[in-house]
Number of protein chains: 2
Amino acid sequence: MRDDSGERARGPLYRSVAADLREAITAGDYGSGGRLPAESTLAERYGVSRGTVRQALAALRADGLVTSRRGTRRVVLGTTRVQSFAELVSFTTWARSVGEDPGGRVEQLERRAADARESEQLRLEPGAEVVVVLRVRTLSGRPVMVERSVYPVWVGELVARIPADAVSHTEPLQEQGVVFADADHTIDLVLADADDARLLGCRAGEALLRERRRSTDPVGAPVEWSEDRYLPGTVAFTVHNSIAASALSRRHRRPH
Amino acid sequence: MRDDSGERARGPLYRSVAADLREAITAGDYGSGGRLPAESTLAERYGVSRGTVRQALAALRADGLVTSRRGTRRVVLGTTRVQSFAELVSFTTWARSVGEDPGGRVEQLERRAADARESEQLRLEPGAEVVVVLRVRTLSGRPVMVERSVYPVWVGELVARIPADAVSHTEPLQEQGVVFADADHTIDLVLADADDARLLGCRAGEALLRERRRSTDPVGAPVEWSEDRYLPGTVAFTVHNSIAASALSRRHRRPH
DNA sequence: GTGCCGAGGTTGGCTGTACAACTTTTGCCA
DNA sequence: TGGCAAAAGTTGTACAGCCAACCTCGGCAC
């Protein structure tokens, strides 16, 4: 067992086993392409049942850290650190995790009736009210992204109370009990409009990397429908999928 | 139980349960935002143990079809069809699944020593030989993507034997025993170079959506390292992630 | 009506067992 | 030495049971 002294005791058992194994793998203990110990060995080592070890390994498998197939021990696929859900949904959390200094400023905030697409995405009655926020996100003061978010009023009212220059929106929301649990992302390319150009300091018509995102809370209720436009060269999105389980897909758009 | 007459008997039990539930959900049997029956109910309905039902539901959860939290029944998140691993790794499989007519033509195929990045990605000794293929992919004869793939020789030799105008490469490879099991994808934006412009019929310097992908086989050995450049407006990538398990991340690129 | 509390329902987490399916290694035999 | 068959090792699938944590809802007191 790895010596982590602080006996990672909180939370479920399988999580601490997974965390320990993840640490060992990213530290290179088993090498890239190396083999993990057998499940039964790990079970004995950690003093848990094989089922618990399997639960931990399933998480590593989903992260793309190890393979697994019948008959042979697991193989290490890569040793790179895997990011968390929060780092994808929250610009602030992500920026901090890569050592950058994130910032943000609300340019516009209005309350109005939702259009057809918005009410569908947020699963609201047609014409229900929503809060729309236009925000510029920065790294070290340099604008890199424009964010257009749409919230149902029960969330939007909380957002409206956050100071315009607050770094993070998700953190105060979380404190108010709004939890982001699931998110669907669509990534493609879009041309900067006049607003984008002004706010990002680029030319109108220049290509931007676009991420559209719908987030839901643990109950399954949509809490946010957002469109983010990144300056080229500032971010890249990475995904892992496997023949066993996959969540990513490629979508077609017909011309015209 | 849904009447699917053909008793989906092949393969593991939990898969057929998952397939049946997936079908019911996408058919809208429980509605969007509706609640699934309890695990114990499903177990009785399908005549399996609760553990098997949980295994099936875990798959739906990973696909982003349902939520799950302690204390309350599962909620349907969406009813859209989820695509398979193959549809993401193989342009041909994907195109067919959306009702398009895919095509492809090898423009260039060479065998040479790998550069530093290539040998690292394919986990080969520095300077080991690789096979590099430049290929244009079309939908209904219209070029939409340029694909630059690098293979280790044991795969490249098989690729070299495929006719230049073959629609699919992965299918003949699969027949030869080369199986794609895991893949890492990186998605960002890149400017078209002279080759891209010529092959896609766009202007040099125009922005393209880029997907870089490393695929590995079930043993964990890299089999392909590819860079695909799409014309804008032809595809969008979609991802689901959840606070429970996520495989996607956002990567930073420092300026300069 | 409003608020609190408790009962019942539901999923999460963990253990143990058994066997099937598959891979790797061993060892025998020609 | 080479090839083949058996044995050992390992993960996948399925079952059963138990308790904890948590949510929902009804009923009761105020």
Side-chain angles (χ1 to χ4, degrees), chain A residues 8-19 21 30 33-62 65-77 177 179 181-182 217-221 242-245, chain B residues 8-19 21 30 33-62 65-77 177 179 181-182 217-221 242-245:
Chain A
R8 217 187 310 264
R10 47 195 170 185
L13 255 181
Y14 80 91
R15 276 190 190 279
S16 66
V17 173
L21 285 171
Y30 302 108
R35 276 150 110 159
L36 246 53
E39 293 174 357
S40 54
T41 308
L42 292 171
E44 201 176 351
R45 179 185 298 179
Y46 288 106
V48 299
S49 75
R50 190 183 149 216
T52 300
V53 169
R54 283 181 65 77
Q55 220 168 337
L57 289 170
L60 303 190
R61 160 104 233 224
L65 282 176
V66 299
T67 63
S68 74
R69 66 190 176 122
R70 185 175 253 164
T72 184
R73 296 233 289 272
R74 284 179 169 79
V75 171
V76 175
L77 270 179
V179 179
D182 285 85
D217 70 2
V219 184
S242 88
I243 203 168
Chain B
R8 220 186 309 265
R10 47 199 169 182
L13 253 181
Y14 79 91
R15 276 189 190 280
S16 64
V17 173
L21 285 172
Y30 302 108
R35 276 151 109 158
L36 246 54
E39 294 174 355
S40 54
T41 308
L42 292 172
E44 201 177 350
R45 177 183 300 180
Y46 289 106
V48 300
S49 74
R50 191 184 149 215
T52 301
V53 169
R54 283 179 66 77
Q55 215 167 341
L57 289 170
L60 303 190
R61 160 105 233 223
L65 282 176
V66 298
T67 64
S68 75
R69 66 190 176 123
R70 185 176 260 170
T72 185
R73 297 232 288 273
R74 284 179 169 80
V75 171
V76 175
L77 270 178
V179 179
D182 285 86
D217 70 4
V219 184
S242 89
I243 202 168

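Letters A, B, ... are given to chains in the order of the sequence lines, protein chains preceding strands, and every chain is numbered from 1.
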With side chain to side chain contact (heavy atoms under 4.5 Å, CB included) as the test, would you mind laying out the steps for B/T72 and B/R35 before giving the verdict? CA-CA 9 Å; B/T72 185; B/R35 276 151 109 158; 3.4 Å; yes

Nearest-angstrom distance from the residue atom [atom1] of [X] to [atom2] of [N]:
X	N	atom1	atom2	result
B/Y46	D/dA14	OH	P	14 Å
A/E44	C/dC14	CD	P	19 Å
B/L42	C/dT11	CG	C1'	12 Å
B/R35	C/dT11	CZ	C1'	12 Å
B/R73	D/dC23	CZ	C1'	12 Å

Take B/R74 and A/T52, find for each the nucleotide of DNA chain C with the closest heavy atom, and name the residue whose nucleotide sits nearer the 5' end. B/R74

Map B/V219 and B/A38 onto DNA chain C by nearest heavy atom, then report which one ends up closer to the 5' terminus. B/A38

4.5 Å side-chain heavy-atom contact, A/L42 and A/V17: no

Show, in sequence, the C-alpha distance, side-chain angles and deciding distance for A/D182 and B/R61, and conclude whether the side chain to side chain contact (heavy atoms under 4.5 Å, CB included) test is met. CA-CA 10 Å; A/D182 285 85; B/R61 160 105 233 223; 3.4 Å; yes

Strictly below 4.0 Å: does [X] bring a side-chain N or O up to OP1 or OP2 of [N]?
X	N	result
A/R70	D/dT10	no
B/S40	C/dT10	no
B/T72	D/dC23	no

Name of the residue among A/L21, A/T41, A/L13 meeting side-chain contact (heavy atoms from CB on, under 4.5 Å) with A/Y46: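 Going through A/L21, A/T41, A/L13 one by one, the side-chain contact (heavy atoms from CB on, under 4.5 Å) with A/Y46 is satisfied by A/L21 alone.
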
State which of D/dA16, D/dG12, C/dG12 makes the closest approach to the side chain of A/E39. D/dG12

Between D/dT10, C/dC14, D/dT13, which nucleotide has the shortest distance from any of its atoms to the side chain of A/Y14?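 Selected nucleotide: C/dC14.
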
Is the base of C/dG13 touched by the side chain of A/R15 through a donor-acceptor pair closer than 3.5 angstrom? no

Check every strand shown and say whether A/R69 touches a base, only sugar-phosphate, or nothing at a heavy-atom separation below 4.0 Å.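 The residue A/R69 makes sugar-phosphate contact but no base contact.
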
Name the nucleic acid region contacted by A/R54, choosing base, sugar-phosphate or nothing; use a 4.0 angstrom heavy-atom cut-off, strictly under. base

Run B/T67 and A/V219 through side chain to side chain contact (heavy atoms under 4.5 Å, CB included) and show every step you take. CA-CA 7 Å; B/T67 64; A/V219 184; over 6 Å; no

For A/R50 and A/G71, find the nucleotide of DNA chain D closest to each by heavy atoms; which residue's nucleotide sits nearer the 5' end? A/G71

